[in-house]
Structure formats: C-alpha cells, structure tokens
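First up is the structure itself, then whatever we jot down about it.
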Amino acid sequence: MTFSHLASRLDNIAPFHVMELAKMAAALEQQGRHIIHMGIGEPDFTAAPLVIEAAARAMADGKMQYTSATGLPALRAAISAHYRQAFGLDIAPERIIVTAGASAALLLACAALVEKGSEVLMPDPSYPCNRHFVAAFDGQAKMIASGPDQRFQLSDETVRQHWSENTRGVLLASPSNPTGTSILHSELAKIIATVRGKGGFAIVDEIYQGLTYDGEPFSALSLADDIIVINSFSKYFNMTGWRLGWMVVPESLAAPIEKLAQNLFICPSAIAQHAALACFEPDSLALYEARKSEFKRRRDYLVPALVELGFKVPVMPDGAFYVYADCSALLKHCVKDGGDADTLVKDVLNQVGVSMVSGLDFGPYTAQHYIRLSYATSMENLQEAVRRLGLFLGKNDV
Ligand SMILES: Cc1ncc(COP(=O)(O)O)c(C=O)c1O
C-alpha cells in the first residue's frame, strides 16, 4: 500500500529539530563518548515516592478501567483544592478537565476553537508544538517577533497591532519554553481585556507555573474566568511519561470539551490519575518544593557562569528550567566560518560532548543567535558542562 495522498495539513507541520540533535548525541554515546544532556525539557527527578506507591496500589486493587472522560471526580476536586491553597482561587471542579498531559489539553482547546483559516497569535520564540496544534485544525499560527525587551512574550501593543479579521485568539505560555520568562501580570491583564474586547479567546499555558523562582506564585485565573488555562503533572510534579495534565475552562466550554475528550481520548490514564492524587499529600508537596529550590540553585549558578563565558542572557529566566542565551559573540568559535546557533550547538556536541538546542525549533526570529540550555540535570553535570564549554571556547582558565 502506498500513502501518496497524505493530508495537505501535514505540509504545515515541521519535524522536531531537537530530535535530530538527540539522535546525534545518542550516536556519540554509542561510540563511548560521555555526553552531558542539556537539550531535554524534562525534570531529572521522578515522581514522589507516595505517587509511585499510589500507582502500585491502584494496580493491585484493579483500578485500571476507563474513568470519566473529564477525569476522576476526586482528582478534579484535588486540583480545585490546590488552586484554593496555592493561589486563594475558587475554581469549581466542573471547570477542570483532566487530560493526557498539557499536550492533550492544547489539542482539545484547538479542536474546540480553531477552524480553517483561523489565525492564532503567539510569540516567536515559543514552544514548537503550539503552532502545530493550530495547524492540525487547519488554522494558522501567526508568530510575532518578541524580543528580550518584551521578556520574549506578547504585549498588549503587539496583540493590537497584529490582530486581523481572521484572528481568533492568542496562545501564551508563562513561564515560557524556551525562554523561562514569565509575562508581567499587568501586561497579561491588558492582553486578556483586548482579546475579550475583540470577541477572541485566550489560552494561557501554565505548565511551568509551579516552577517560578522570583516573586509570588500566580495564575492567570486570578485575572479572568473566561480564559482557558492549561497545566500538567509533567514538570513541577515530575511525571512526564505518565501523560497527565489538566485544563481549566469557562463553564460554557466544559460540555463541548467533554464531548471532544470522550471521542478523542475516552479518558486519561486511570493509573496515572489514581497516582496523581498523592501529589497533593503534604509530604509530596514538601518534596516538590525542595526540588523547586534545587532548580533555583542551579539557575543561580548557571546564568552567571554562561555570562562569564561570553553568552548574553538579556532577561533573567524566572521560571521553568531553561536559559535562553544569545550566543552571537561566540559564533566565531564555530569550526567553519559563517556558523549560526545551530552550527555552534552541533560543534559543541561533537567536540566537547555537551548537548544543547538551538533556537531553530522555536521560530525564526531568534533562531540564528540563541540557544536553549536546560538545567534539568545535576549541579555536577552543570559544572562539568560549563568547564567543557570553556574548553571549547578556548578559555583555558575554566
Ligand atoms: C510550554 C509547554 N507546553 C506543553 C508541553 C507538553 O507537556 P505535557 O508533557 O504535559 O504534554 C510542554 C513540554 O515540554 C511545554 O514546554
């Protein structure tokens, strides 16, 4: 059988460039090279012990059947209680829909709101899959160049400037991947008001919300309840492979999203849901907070170390576990003349075994001059990575 008639929407979906680099790193490891992985976007920690015990208990008790499409009532109630405890917010469990990761939540949101020709505004740089979720429903992501002066986020001004008759909404992530920078509350409030005024939708991805290091924790839900907020057990709760997340939707969207979830997924993983209930136990929360402090410690080491090496970090990342660093001044160290961030990343990997990601996946605006480094690896690895980068850059005193 030949599949020569692929749906044309596939032309608008690019492969993940990061994976190419991961393949190169794996090939070097097979040759016996030691590689420090700073390209990956997942915590080096695993789920809390109580969560693992709860998963084992759920399996032993045979709690493995389908659940309701919107998730276990107990888990929706636990997430609602978490919003009350952590942010003083009253979010009705009926507005919370448990999903197979933030990915499924983004997919459901786009399935409900995007149609052929819909334009969705998002910053460039941003998480690559976002533009592809929009493309999957025949919409078009309009990526707006957003530099360090805007904390790499949309501003109310850029939203107004770029809103066209085809624009249906905005998709933001705060803190952002790849930059680790959050949008200012005051700016977000203005954007939401503008979008509301135009009759559009606002999706705010708060997947890294638990991992914010400066200032008080904050959710966009404190600004408005007519927005869609996305979250996940992947990052703060260290459960990437368990495939569990959630979305908070306005009351009027709960039934349409439930209908889509029933058809597209039946339900999120039952075992993961039973296990995730234990995330909210005091012992688990204490562990997650300790790990968050460890991430902050790593950030506070890595950012100055990179600046010392000649990278520019124009905005201090206040969350997630990424540093988005301008490497323009270091491109002269590429093996061949005329290299860009992508060449630099490959040269560093080949020569000194540190795996990082260039801006290429995150949109064209910063692609050639920025690299993303993940500090979701041990402090020892970070110190060794800095030493190796120093060697690559010919700084013998490192
Ligand atoms: C900004 C952002 N949104 C969503 C996701 C998807 O996460 P999940 O594992 O919850 O599907 C990621 C994963 O890296 C991300 O960085």
Side-chain angles (χ1 to χ4, degrees), residues 16-19 21-22 37-47 51 71 75 79 96-111 120 122-134 136 141 143 146 151-154 170-183 188 202-212 219-220 228-248 261 264-265 268-269 272-273 275-276 279 288 295 317-324 356-357 359 361-363 372-377:
F16 235 148
H17 204 75
V18 171
M19 305 315 278
L21 235 89
H37 293 276
M38 295 177 71
I40 35 171
E42 67 179 335
D44 49 323
F45 303 113
T46 55
V51 173
L75 186 56
I79 295 169
I96 297 167
I97 291 156
V98 181
T99 55
S103 305
L106 287 159
L107 189 88
L108 287 167
C110 289
V120 181
M122 58 186 76
D124 174 355
S126 62
Y127 177 57
C129 303
N130 284 350
R131 58 182 187 273
H132 299 140
F133 286 126
V134 172
M143 304 208 41
S146 304
R151 306 179 57 74
F152 301 105
Q153 294 277 3
L154 295 186
V170 297
L171 203 174
L172 307 163
S174 181
S176 137
N177 176 5
T179 65
T181 55
S182 297
I183 190 162
L188 182 58
I203 302 174
V204 186
D205 181 352
E206 297 188 336
I207 185 169
Y208 295 104
Q209 171 195 57
L211 296 173
T212 52
S219 169
I228 296 170
V229 162
I230 309 284
N231 212 319
S232 176
F233 287 93
S234 287
K235 312 290 174 164
Y236 175 71
F237 297 104
N238 310 150
M239 292 175 71
T240 42
W242 299 66
R243 308 312 301 130
L244 203 65
W246 72 89
M247 63 201 294
V248 179
L264 296 182
F265 298 103
S269 155
Q273 290 188 73
C279 286
Y288 292 129
F295 278 129
D318 58 287
F321 30 66
Y322 307 114
V323 182
Y324 206 49
M356 310 174 299
V357 174
D361 275 328
F362 307 107
R372 187 193 76 176
L373 300 99
S374 158
Y375 49 89
T377 186

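Every number for a ligand or one of its atoms is a count from 1 in the order of the listing. The figures that follow rest on heavy atoms only: side chains count, while hydrogens, waters and symmetry mates do not.
In summary, D318 and R151 engage in a salt bridge, as defined by a charged side-chain N under 4.0 Å from a carboxylate O.
The distance between the ring centers of F233 and W246 falls below 6.0 angstrom.
For the residue pair D44 and T377, no side-chain donor N or O sits within less than 3.5 Å of a side-chain acceptor on the partner. Between the side chains of Y375 and Y322, not a single donor N or O lies within less than 3.5 Å of an accepting N or O. Using modelled atom types and a 3.5 Å distance limit, the side chains of S219 and E206 yield a donor-acceptor pair.
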Under 3.5 Å: N or O atoms of ligand 1 paired with protein N or O:
from: ligand 1; atom 1: 3 (N); to: D205; atom 2: OD2; distance (Å): 2.6
from: ligand 1; atom 1: 9 (O); to: S234; atom 2: OG; distance (Å): 2.7
from: ligand 1; atom 1: 9 (O); to: R243; atom 2: NH1; distance (Å): 2.9
from: ligand 1; atom 1: 10 (O); to: A102; atom 2: N; distance (Å): 2.7
from: ligand 1; atom 1: 10 (O); to: S232; atom 2: OG; distance (Å): 2.6
from: ligand 1; atom 1: 10 (O); to: S234; atom 2: OG; distance (Å): 3.2
from: ligand 1; atom 1: 11 (O); to: A102; atom 2: N; distance (Å): 3.3
from: ligand 1; atom 1: 11 (O); to: S103; atom 2: N; distance (Å): 3.0
from: ligand 1; atom 1: 11 (O); to: S103; atom 2: OG; distance (Å): 2.5
from: ligand 1; atom 1: 11 (O); to: R243; atom 2: NH2; distance (Å): 2.8
from: ligand 1; atom 1: 14 (O); to: K235; atom 2: NZ; distance (Å): 2.7
from: ligand 1; atom 1: 16 (O); to: N177; atom 2: ND2; distance (Å): 2.8
from: ligand 1; atom 1: 16 (O); to: Y208; atom 2: OH; distance (Å): 2.7

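Atom CG of D124 is separated from atom CZ of F152 by 10.5 Å, given to the nearest 0.5 angstrom.
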